[in-house]
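Bear in mind the structure is a predicted one, so any value in this text is a computation, not a measurement.
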Amino acid sequence: MNGQPLLSAIRKNAELGKNMMETTLPLVKNNDLRAVVQVQFDEYNRFLMSADTLLRASGEISQNAVVARVIDSVSVGINTLTDKSTQNIAQLLVDSTVKGLREIDGAIERYGPASSPETINLGTTLRDFLNRNHRELKRFA
């Protein structure tokens with residue numbers, strides 16, 4: 001995926017977010033937080049599909065982040081081993097969202113000027129989505 005570094009970063013960010021929500025969802029007992037996590041999971045999945053569509057259209061092949069998924073699962077397991085409270089799970093998701101925001105901001109700054117308008121739009125839309133997620137999740141942390 002060398003030809004589309006911003007698009008690759010968008011795809012990776014969306015996949016990691018989707019995986020984090022998918023891993024965390026079974027642990028969430030609070031119905032309000034569960035609803036937020038489910039909506040965010042669905043949105044991450046839409047970003048992932050959009051990035052894959054653009055990558056295929058450009059002749060690139062998307063790659064799954066299998067190692068990252070395993071690391072996320074282990075991280076969630078360790079961080080919720082002794083504390084499965086709504087606040088702890090929400091804080092874990094807040095931290096993950098902040099990391100995603102830093103990564104997508106950096107990718108837009110680095111690769112945006114050489115990217116297509118469609119890719120830049122997808123990246124900034126993802127960034128806006130992550131900012132909304134951050135605000136929503138902070139209510140529970």
Side-chain angles (χ1 to χ4, degrees), residues 1-113 115-141:
M1 288 192 277
N2 293 353
Q4 301 276 347
L6 178 55
L7 194 50
S8 296
I10 292 166
R11 189 202 187 284
K12 177 183 172 191
N13 194 299
E15 184 173 21
L16 292 174
K18 176 184 157 269
N19 291 345
M20 179 61 87
M21 296 300 156
E22 186 175 38
T23 300
T24 307
L25 194 56
L27 303 173
V28 178
K29 303 300 181 222
N30 178 289
N31 288 335
D32 292 332
L33 180 57
R34 177 178 278 284
V36 167
V37 171
Q38 183 63 57
V39 166
Q40 290 182 5
F41 170 82
D42 293 342
E43 283 299 310
Y44 276 120
N45 201 39
R46 280 193 261 291
F47 279 105
L48 184 59
M49 289 187 301
S50 293
D52 280 344
T53 298
L54 289 174
L55 283 166
R56 279 192 302 277
S58 70
E60 302 267 343
I61 299 172
S62 62
Q63 300 170 354
N64 292 336
V66 174
V67 172
R69 184 181 188 131
V70 171
I71 290 170
D72 280 348
S73 294
V74 170
S75 176
V76 168
I78 289 171
N79 285 305
T80 60
L81 190 62
T82 59
D83 185 1
K84 289 181 174 54
S85 69
T86 297
Q87 294 79 13
N88 187 50
I89 292 169
Q91 188 59 52
L92 182 66
L93 295 173
V94 165
D95 294 345
S96 177
T97 301
V98 168
K99 181 180 178 194
L101 270 167
R102 279 194 312 263
E103 290 174 358
I104 201 63
D105 279 341
I108 290 169
E109 186 176 316
R110 276 189 308 280
Y111 308 122
S115 299
S116 72
E118 192 172 20
T119 298
I120 294 168
N121 183 53
L122 187 60
T124 55
T125 304
L126 176 59
R127 181 179 56 205
D128 294 345
F129 165 72
L130 290 169
N131 277 312
R132 280 192 313 276
N133 287 359
H134 183 257
R135 284 191 302 275
E136 284 186 78
L137 292 167
K138 285 293 279 183
R139 293 182 312 144
F140 297 96

**Complete:** Smallest heavy-atom separation, Ala90 atom then Ala141 atom, equals CB-N, 3.7 Å
**Prompt:** Taking C-beta and beyond as the side chain, do Ile120 and Leu6 meet within less than 4.5 Å on heavy atoms?
**Reply:** yes
**Message:** Can you tell me how far apart CD1 (Ile104) and NZ (Lys99) are? Round to the nearest 0.5 Å.
**Reply:** 13.0 Å
**Request:** Evaluate the ring planes of Phe47 and Phe129, with Trp represented by its six-membered ring, and classify them as parallel (under 30°), tilted (30 to 60°) or perpendicular (over 60°).
**Result:** tilted
**Message:** As an exercise, state the distance from OG of Ser96 to CE of Met21, rounded to the nearest 0.5 Å.
**Reply:** 6.0 Å
**Message:** For the CD atom on Gln87, are there more than 12 heavy atoms of other groups (residues, nucleotides or ligands in this structure) within a distance under 6.0 Å?
**Reply:** yes
**Prompt:** Are Tyr44 and Asn133 side-chain neighbours, meaning at least one heavy-atom pair lies under 4.5 Å?
**Reply:** yes
**Prompt:** For Leu93 and Gln40, what are the C-alpha separation, side-chain angles and deciding distance, and is it a side-chain contact (heavy atoms from CB on, under 4.5 Å)?
**Reply:** CA-CA 11 Å; Leu93 295 173; Gln40 290 182 5; 5.7 Å; no
**Fill in**
In short, Pro26 meets Thr23 closest at the heavy-atom pair CD-O, 3.4 Å
**Request:** Please report the C-alpha distance between Val36 and Phe140 in whole Å, then the side-chain angles of each, then the deciding distance to 0.1 Å, and finally whether the side-chain contact (heavy atoms from CB on, under 4.5 Å) criterion is met.
**Result:** CA-CA 10 Å; Val36 167; Phe140 297 96; 4.0 Å; yes
**Request:** Compare every heavy atom of Ser8 with every heavy atom of Leu55, then report the nearest pair and how far apart it is.
**Result:** CD2-OG, 4.5 Å
**Message:** Taking the side chain as everything from C-beta on, heavy atoms only, tell me whether Arg102 gets closer than 4.5 Å to Val98.
**Reply:** yes
**Prompt:** Taking only residues two or more places apart in sequence or in another chain, which ones pass salt bridge (charged side-chain N to carboxylate O under 4.0 Å, His left out) with Arg46?
**Reply:** Glu43
**Message:** Which heavy atom of Ile10 sits nearest to which heavy atom of Ala51, and what is that distance?
**Reply:** CG2-CB, 4.3 Å
**Message:** Test your reading of the model: is there a side-chain donor-acceptor pair from Ser115 to the backbone of Tyr111, 3.5 Å cut-off?
**Reply:** yes
**Message:** side-chain contact (heavy atoms from CB on, under 4.5 Å) for Asn30 and Arg34? Distances and angles first, verdict last.
**Reply:** CA-CA 6 Å; Asn30 178 289; Arg34 177 178 278 284; over 6 Å; no
**Message:** Would you compute the distance between atom OG1 of Thr97 and atom CZ of Arg135 and round it to the nearest 0.5 angstrom?
**Reply:** 11.5 Å
**Asked** Would Phe41 and Leu25 count as a side-chain contact (heavy atoms from CB on, under 4.5 Å) if you check the C-alpha gap in whole Å, the side-chain angles of each, and the deciding distance to 0.1 Å?
**Response** CA-CA 9 Å; Phe41 170 82; Leu25 194 56; 5.5 Å; no
**Request:** Quick one: pull up CG in Asp42 and NZ in Lys18 and give me the separation to the nearest 0.5 Å.
**Result:** 10.5 Å
**Message:** With heavy-atom distances below 4.5 Å as the criterion, would you say the side chains of Leu137 and Leu33 are in contact?
**Reply:** yes
**Message:** Whether Glu136 and Arg132 form a salt bridge (side-chain N of Lys/Arg under 4.0 Å from carboxylate O of Asp/Glu) is what I want to check.
**Reply:** no
**Asked** Are any non-hydrogen side-chain atoms of Leu101 and Arg127 less than 4.5 angstrom apart?
**Response** yes
**Item:** Check: Asp52 and Arg56 side chains under 4.5 Å, non-hydrogen atoms
**Value:** yes
**Request:** Answer yes if the side chains of Glu103 and Asn13 hold a donor-acceptor pair under 3.5 Å, and no otherwise.
**Result:** no
**Message:** Minimum heavy-atom separation for Leu7 and Thr119, please, with both atom names.
**Reply:** N-CG2, 3.8 Å
**Message:** Pairing donors with acceptors under 3.5 angstrom, does anything connect the side chains of Thr53 and Ser50?
**Reply:** no
